[in-house]
Amino acid sequence: MTAPDPAPLRIGNASGFYGDRFDALRDMLTDGPLDVLTGDYLAELTMLILGRSRLKDPEKGYATTFLRQLEEGLGLAHERGVKIVANAGGLNPAGLADAVRKLAAKVGVPVTVAHVEGDSLPVPDGFLTANAYLGGSGIAACLRAGAEVVVTGRVTDAALVTGPAAAHFGWGPDDLDALAGAVVAGHVLECGTQATGGNHAFFGAYDPALLRRPGFPLAEIHADGSSVITKHDGTGGIVDLSTVTAQLLYETGGARYAGPDVTARLDTVRLTADGPDRVRIDGVRGEAPPPTLKAGLTRLGGWRNEVVFVLTGLDIEAKARLVQDQFADALERGGGRPPAEVRWELSRTDHADADTEERAGALLRLVVRDQDAEAVGRAFSSAAIELALGSYPGFHVTAPPGKGAPYGVFEAWPVPAGEVEHSAVLPDGSRLVIEPPALTQELADVGEPPLPDPYPSTAPTRRVPLGLIAGARSGDKGGDANVGVWVRGDDAWRWLAHELTVERFKELLPETADLTVVRHVLPNLRALNFTVHGLLGEGVAAQARFDPQAKAVGEWLRSRWLPVPAPLLEGIPLPEVTA
């Protein structure tokens with residue numbers, strides 16, 4: 001007689017970034033059953049922030065918010081038998097583990113604590129931090145040794161799920177399909193409420209009351225690596241095919257999604273509805289991971305400053321030209337050299353014959369950057385403010401410029417996995433070195449899959465925004481931007497797959513015209529994923545763009561008008577035709 005499959009492992013998420021909803025940890029513990037609760041606190045920018053924190057206090061370098069959340073949550077988790085796994089250790093996981101033990105003693109909760117380390121790398125000259133992205137094996141070792149709380153430094157976001165799942169189901173490094181399924185589930189969970197309707201392109205299709213406070217997601221992981229994405233009953237938000245697809249596309253690229261545990265094939269992912277607020281993920285195939293790990297390095301890139309001039313009413317373009325000429329002249333007369341980078345951007349937020357002053361205003365943003373703090377400091381601020389009584393009519397700024405501030409740069413380097421000593425420090429204090437996978441595979445692109453038959457070219461078209469039929473979600477990876485685009489029906493997919501080429505993408509988003517754009521096709525998801533290389537300059541911390549994390553590039557794309565087959569628009573309210 002075949003033994004029944006073990007019960008699924010219920011893994012929830014309570015944090016998508018350092019600064020996420022503070023009471024989510026408590027809510028996830030009290031709103032419904034869980035086996036493991038995870039928290040993702042680290043992003044590329046966060047490592048720079050923690051690096052600067054550690055410069056001020058070598059005992060810090062971890063996410064202090066996590067400790068404050070545990071003051072109440074530790075007892076709740078212990079009572080309910082829920083294990084907690086978080087990467088809040090940042091640059092000092094050992095320090096955070098000690099702090100958790102002290103907190104447990106203070107609040108009288110007897111918990112066993114372990115941590116994962118080894119991600120910290122020698123920091124090259126000129127850099128502030130250097131950390132390898134570790135997998136979930138160290139987390140699994142800590143849990144197998146009886147840890148109830150595991151804190152880590154820089155691990156992949158998905159490792160917070162692969163580690164507990166591997167420990168629970170006994171997976172080894174050769175269980176590639178199971179690990180790949182857990183990676184996909186982990187990727188869906190990692191950004192918290194983005195999987196339950198947050199930041200969702202089709203938010204207007206849902207009851208606004210549900211979106212007021214989306215609940216955090218959880219995954220029911222099965223022994224074969226398949227999962228069901230859901231949320232606790234009675235909480236806000238929505239889990240459906242569209243919300244899960246959106247998060248799957250977020251900050252990914254091609255069909256091969258590489259990590260230290262496994263390379264997951266995103267082109268094999270199958271999503272099916274499994275009831276209200278339930279989406280099943282299965283069919284995921286895994287391949288051996290690459291022989292290298294991604295290492296993230298941060299450094300201070302220089303100094304920046306900015307000022308935003310408000311231009312009101314008539315002659316907006318002429319007012320902008322006047323202040324730009326005056327500013328350049330003022331800098332020259334000041335005797336100093338101009339900043340190395342000077343960027344002006346005029347946002348025409350003004351409306352003709354406006355009924356309020358604010359609606360009559362446009363914003364002229366000036367951003368300067370330089371390696372020398374003086375070049376963007378007093379001379380810059382003085383040049384901007386001294387124009388106040390001698391420039392365009394109605395002169396004012398949103399806020400006076402300050403002294404300038406440092407900006408950071410994130411870089412990703414590959415490092416051989418064998419050169420990184422991934423270690424689990426178990427609850428008894430012993431150290432277990434995690435060996436890298438014996439089987440690896442160099443990462444290579446997947447050829448473009450066959451496209452569906454084109455939508456009939458004889459169909460009449462209407463010129464409308466792309467977003468009437470297509471969703472999008474975008475984000476950052478270093479200096480690159482990722483834009484995932486999906487549709488919800490087969491006919492729309494036939495049209496999108498042939499219409500939204502790289503050339504069409506660049507035409508719709510002129511800012512990308514001179515950049516390298518790579519298109520990846522994911523038929524199972526009815527989706528296209530675009531990587532725009534170099535759009536973000538030196539990355540989010542450098543704040544090179546108005547939208548430095550590319551969060552809204554997808555919404556910009558959806559707002560662009562193009563001819564869409566009229567049958568695809570049936571039942572969709574159409575906006576007025578633009579000129």
Side-chain angles (χ1 to χ4, degrees), residues 184 188 194-207 210-211 228-229 237-250 252 255 266-284 448-474 482-502 504-505 508 519-530 554-575:
V184 171
V188 174
Q194 280 196 170
T196 57
N199 301 348
H200 192 62
F202 297 118
F203 73 98
Y206 304 122
D207 180 354
L210 291 175
L211 296 179
V228 172
I229 305 299
I238 304 97
V239 177
D240 64 15
L241 293 174
S242 188
T243 66
V244 173
T245 298
Q247 181 55 28
L248 268 178
L249 295 174
Y250 181 65
T252 58
L266 298 183
D267 54 348
T268 63
V269 175
R270 287 197 305 258
L271 303 181
T272 53
D274 193 56
D277 290 318
R278 293 176 63 85
V279 172
R280 179 172 297 279
I281 301 176
D282 63 11
V284 186
E448 182 170 297
L451 298 180
D453 292 336
Y455 195 83
S457 59
T458 55
T461 62
R462 295 287 301 271
R463 188 170 180 273
V464 297
L466 174 63
L468 290 190
I469 64 166
R473 177 166 285 166
S474 56
N482 143 254
V483 185
V485 185
W486 78 96
V487 289
R488 296 173 289 181
D490 290 336
D491 284 342
W493 171 236
R494 292 172 62 193
W495 173 79
L496 183 76
H498 292 275
E499 173 66 21
L500 196 55
T501 61
V502 168
R504 188 62 146 158
F505 183 94
L508 294 172
R519 184 179 100 148
H520 306 282
V521 181
L522 299 170
N524 281 10
L525 302 177
R526 302 191 192 97
L528 303 171
N529 219 352
F530 294 87
E555 287 302 294
W556 177 27
L557 178 65
R558 295 182 69 238
S559 74
R560 297 309 309 269
W561 292 57
L562 73 172
V564 174
L568 300 180
L569 300 169
E570 290 181 4
I572 299 175
L574 301 182

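All values reported here derive from a predicted model rather than from experimental measurement.
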Original post:
Mind checking what makes side-chain hydrogen bond (donor to acceptor under 3.5 Å, both in side chains) contact with R494, not counting sequence neighbours?
Top reply: none

**OP:** Search all heavy atoms of I238 against all heavy atoms of D277 and return the closest pair with its distance.
**Re:** CA-OD1, 3.6 Å

**OP:** With rounding to the nearest 0.5 Å, note down the distance linking CG in D490 to CZ in R526.
**Re:** 4.5 Å

**OP:** Under the side-chain contact (heavy atoms from CB on, under 4.5 Å) rule, collect the residues that match up with E555, sequence neighbours excluded.
**Re:** A201, R558

Original post:
Can you find a heavy atom in the side chain of I281 that is under 4.5 Å from one in the side chain of L271?
Top reply: yes

**OP:** Please check if atom CZ in F203 has more than 12 non-hydrogen atoms from other residues, nucleotides or ligands closer than 6.0 Å.
**Re:** no

Subject >> Side chain S474, main chain G554, donor-acceptor under 3.5 Å >> reply: yes

**OP:** Output, in order, the C-alpha distance, side-chain angles, deciding distance and verdict of side chain to side chain contact (heavy atoms under 4.5 Å, CB included) for L248 and L522.
**Re:** CA-CA 11 Å; L248 268 178; L522 299 170; over 6 Å; no

Original post:
So which heavy atom on S559 is nearest to which on P465, and how close?
Top reply: O-CB, 4.1 Å

**OP:** State the CZ-CG distance between R473 and L557, to the nearest 0.5 angstrom.
**Re:** 15.0 Å

Subject >> Contacts of D282 that satisfy salt bridge (charged side-chain N to carboxylate O under 4.0 Å, His left out) - sequence neighbours left out >> reply: R270

Original post:
With sequence neighbours excluded, what pairs up with L496 under the side-chain contact (heavy atoms from CB on, under 4.5 Å) test?
Top reply: L466, V485, V487, W493, L500, L528

Subject >> Intermediate values then yes/no, side chain to side chain contact (heavy atoms under 4.5 Å, CB included), L241 and R488 >> reply: CA-CA 9 Å; L241 293 174; R488 296 173 289 181; over 6 Å; no

Subject >> salt bridge (charged side-chain N to carboxylate O under 4.0 Å, His left out) against R504, all qualifying residues, sequence neighbours excluded >> reply: E499, E507

**OP:** Could you list the residues that satisfy side-chain hydrogen bond (donor to acceptor under 3.5 Å, both in side chains) with W495, not counting sequence neighbours?
**Re:** none

Subject >> Set of side-chain hydrogen bond (donor to acceptor under 3.5 Å, both in side chains) partners for N482, sequence neighbours left out >> reply: N529

**OP:** Check the pair V269, N524 against side chain to side chain contact (heavy atoms under 4.5 Å, CB included), reporting the backbone distance first and the verdict last.
**Re:** CA-CA 7 Å; V269 175; N524 281 10; 5.7 Å; no

Original post:
Can you check whether F202 reaches D240 side chain to side chain, under 4.5 Å on heavy atoms?
Top reply: no

Original post:
Where is the tightest heavy-atom contact between P567 and A459, given as atom of each residue plus distance?
Top reply: CD-CB, 4.3 Å

**OP:** Could you pull out all residues at least two apart from Y250 that satisfy ring-ring contact (aromatic ring centres under 6.0 Å, His included)?
**Re:** none

Subject >> Ring geometry between H200 and W486 (parallel below 30°, tilted from 30 to 60°, perpendicular above 60°) >> reply: tilted

Subject >> side-chain hydrogen bond (donor to acceptor under 3.5 Å, both in side chains) against D453, all qualifying residues, sequence neighbours excluded >> reply: none

Original post:
If you measure from CG on D267 to NE2 on H520, what distance do you get to the nearest 0.5 Å?
Top reply: 11.5 Å

Subject >> With D274 via salt bridge (charged side-chain N to carboxylate O under 4.0 Å, His left out) - residues at least two apart >> reply: R278, R280

**OP:** Quick one: pull up CG in L249 and CZ in F530 and give me the separation to the nearest 0.5 Å.
**Re:** 11.0 Å

**OP:** Determine, stepwise, if the pair W556 / L508 fulfils side chain to side chain contact (heavy atoms under 4.5 Å, CB included).
**Re:** CA-CA 9 Å; W556 177 27; L508 294 172; over 6 Å; no

Subject >> Contact summary for L468 and P575, nearest pair of heavy atoms >> reply: CD1-CD, 3.7 Å

Original post:
Who are the side-chain contact (heavy atoms from CB on, under 4.5 Å) partners of A566, not counting sequence neighbours?
Top reply: P460, R462

**OP:** Without swapping roles, check the side chain of T196 against the backbone of V239 for a donor-acceptor pair under 3.5 Å.
**Re:** no

Subject >> side-chain contact (heavy atoms from CB on, under 4.5 Å) partners of A205, counting only residues at least two apart >> reply: none

